[in-house]
Protein chains: 2
Amino acid sequence: METKPTNSELEILHVLWQRGPSLVRDVHDELSKRRTTGYTTVLKLMQIMAEKGLVRRNEDNRAHVYHAMVSESETQKGLTDDLVDRMFGGSAHRLALHALGSQKATPEELSEIRRLLDQMEERS
Amino acid sequence: METKPTNSELEILHVLWQRGPSLVRDVHDELSKRRTTGYTTVLKLMQIMAEKGLVRRNEDNRAHVYHAMVSESETQKGLTDDLVDRMFGGSAHRLALHALGSQKATPEELSEIRRLLDQMEERS
DNA sequence: TTCATTATACGAAGGGCTTCGTATAAATGC
DNA sequence: GCATTTATACGAAGCCCTTCGTATAATGAA
């Protein structure tokens, strides 16, 4: 399954993941908190996303209820894999190294990663 | 500095990073090994990249010599930061966790990451 | 010199994404 | 009932990316 939403689609998906099934009005209100955006713009985007299968809508009521058809984690995976392929020669651990080194991490985050490494070592 | 090349631009940059300063013909020949692509298509892309400042060209000779103006590592950083912002709430360590978990890693890779973690702990 | 080869320049088409204006229908309030 | 509000539908413009065709100039070979 191809899961590589555009920027605008991603913004909308974030709202749906956070709020759960929502009306266009809800999504528009949420997006408007951060930037100006027209109502029909959001509507159009969500209609297109429905055609693509990124969301599905319930048309029982006049105001259609939209819910995400792709999960946050599979979208993370899709976009991460894409970056790994395009920029890190297919090596995920090189991306991990880059991401780790590029930002300060809290001790909690560091130990969280160590725990994951431990798990991976056990299983190998 | 904004460093977020498109897909085609990235392919061309990969060739320049690998080969060093190159002619359009060189880049085209290299790309042709993997997929069909027209010579003038590559030329046009590289001309546009020059306008954007992604590459610079030396016009002393008839066949212009192009060289990359963005490094591989800064491009990696730009694209990684972008993904972190768009999909991981600005948290690079969450991306690292995701990347690590998504692929099997060799023991060497795992210890490489442990070394980086050690360094980061020392410095904090 | 003349013809074929090999460069760059450039316009334009086609597709995708984003945005918006307008049309229309349903619901609401007075 | 009737005007206002609030939905969806839809066409089209504008922008960017990609691709290609064609024009033109420089080079090289016979």
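Note that the structure is a prediction, hence the values are computed from the model and not measured. A, B, ... follow the sequence lines: proteins, then strands. Residue 1 opens every chain.
As judged by a 4.0 angstrom heavy-atom cut-off over every strand, Leu23(A) is placed among residues making no nucleic acid contact. Base contact: Thr41(B) has a heavy atom under 4.0 Å from a base atom. Among the protein residues, Thr40(B) comes within range of the nucleic acid bases, having at least one heavy atom under 4.0 Å from a base atom.
Residue Tyr39(B) places at least one side-chain N or O closer than 4.0 Å to OP1 or OP2 of dT8(C). In this structure, Lys52(B) does not reach the dC16(D) phosphate: none of its side-chain N or O atoms is under 4.0 Å from OP1 or OP2. Under 4.0 angstrom from either OP1 or OP2 of dC17(C) there lies no side-chain N or O belonging to Ser8(A). Between Gln47(A) and dC10(D), a side-chain N or O to OP1/OP2 separation shorter than 4.0 Å is absent.
For the pair Asp26(B) CG and dT8(C) P, the computed distance is 11 Å after rounding to whole Å. With rounding to whole Å, His28(B) atom NE2 is found 15 Å from dT8(C) atom C1'. In this structure, CG of Leu43(B) is placed 13 Å from P of dT19(D), rounded to the nearest angstrom. Straight-line distance from the CG atom of Leu10(A) to the P atom of dC17(C): 13 Å, rounded to whole Å. The nearest whole Å value for the distance from the CD atom in Glu59(A) to the P atom in dA25(C) is 17 Å. Atom CG in Leu54(B) sits about 11 Å away from atom P in dT18(D), given to the nearest Å. Atom CG of Leu45(A) is separated from atom C1' of dC10(D) by 14 Å (rounded to the nearest Å). Put simply, CG on Asn61(B) is 12 Å from P on dA7(C), counting in whole angstrom units.
Residue-to-nucleotide contacts include a donor-acceptor pair under 3.5 Å from the side chain of Arg62(A) to the base of dT6(D). You won't find any donor-acceptor pair under 3.5 Å spanning the side chain of Arg25(B) and the base of dT6(C), going by distance alone.
Side chain to side chain, Ser111(A) and Arg114(A) fail the donor-acceptor criterion of an N or O pair below 3.5 Å. If you check the side chains of Glu59(A) and His64(A), you find no donor sitting under 3.5 Å from an acceptor. No hydrogens or angles considered: nothing links the side chains of Gln103(A) and His93(B) as a donor-acceptor pair under 3.5 Å.
Each of Ile12(A), Val65(A), Val27(A) was compared with Ser22(A) under the side chain to side chain contact (heavy atoms under 4.5 Å, CB included) criterion, and only Val27(A) meets it.
Which of dA9(D), dA9(C), dT19(C) sits closest to the side chain of Arg35(A) comes down to dT19(C). Here dA7(C) is the nucleotide among dA7(C), dG11(C), dC20(C) with the atom lying nearest to any side-chain atom of Ala63(B). Here dC17(D) is the nucleotide among dC17(D), dT18(C), dT19(D) with the atom lying nearest to any side-chain atom of Thr6(B).
Contact annotation: the side chain of Ser32(B) approaches that of Thr37(B) to within less than 4.5 Å [non-hydrogen atoms, C-beta and beyond].
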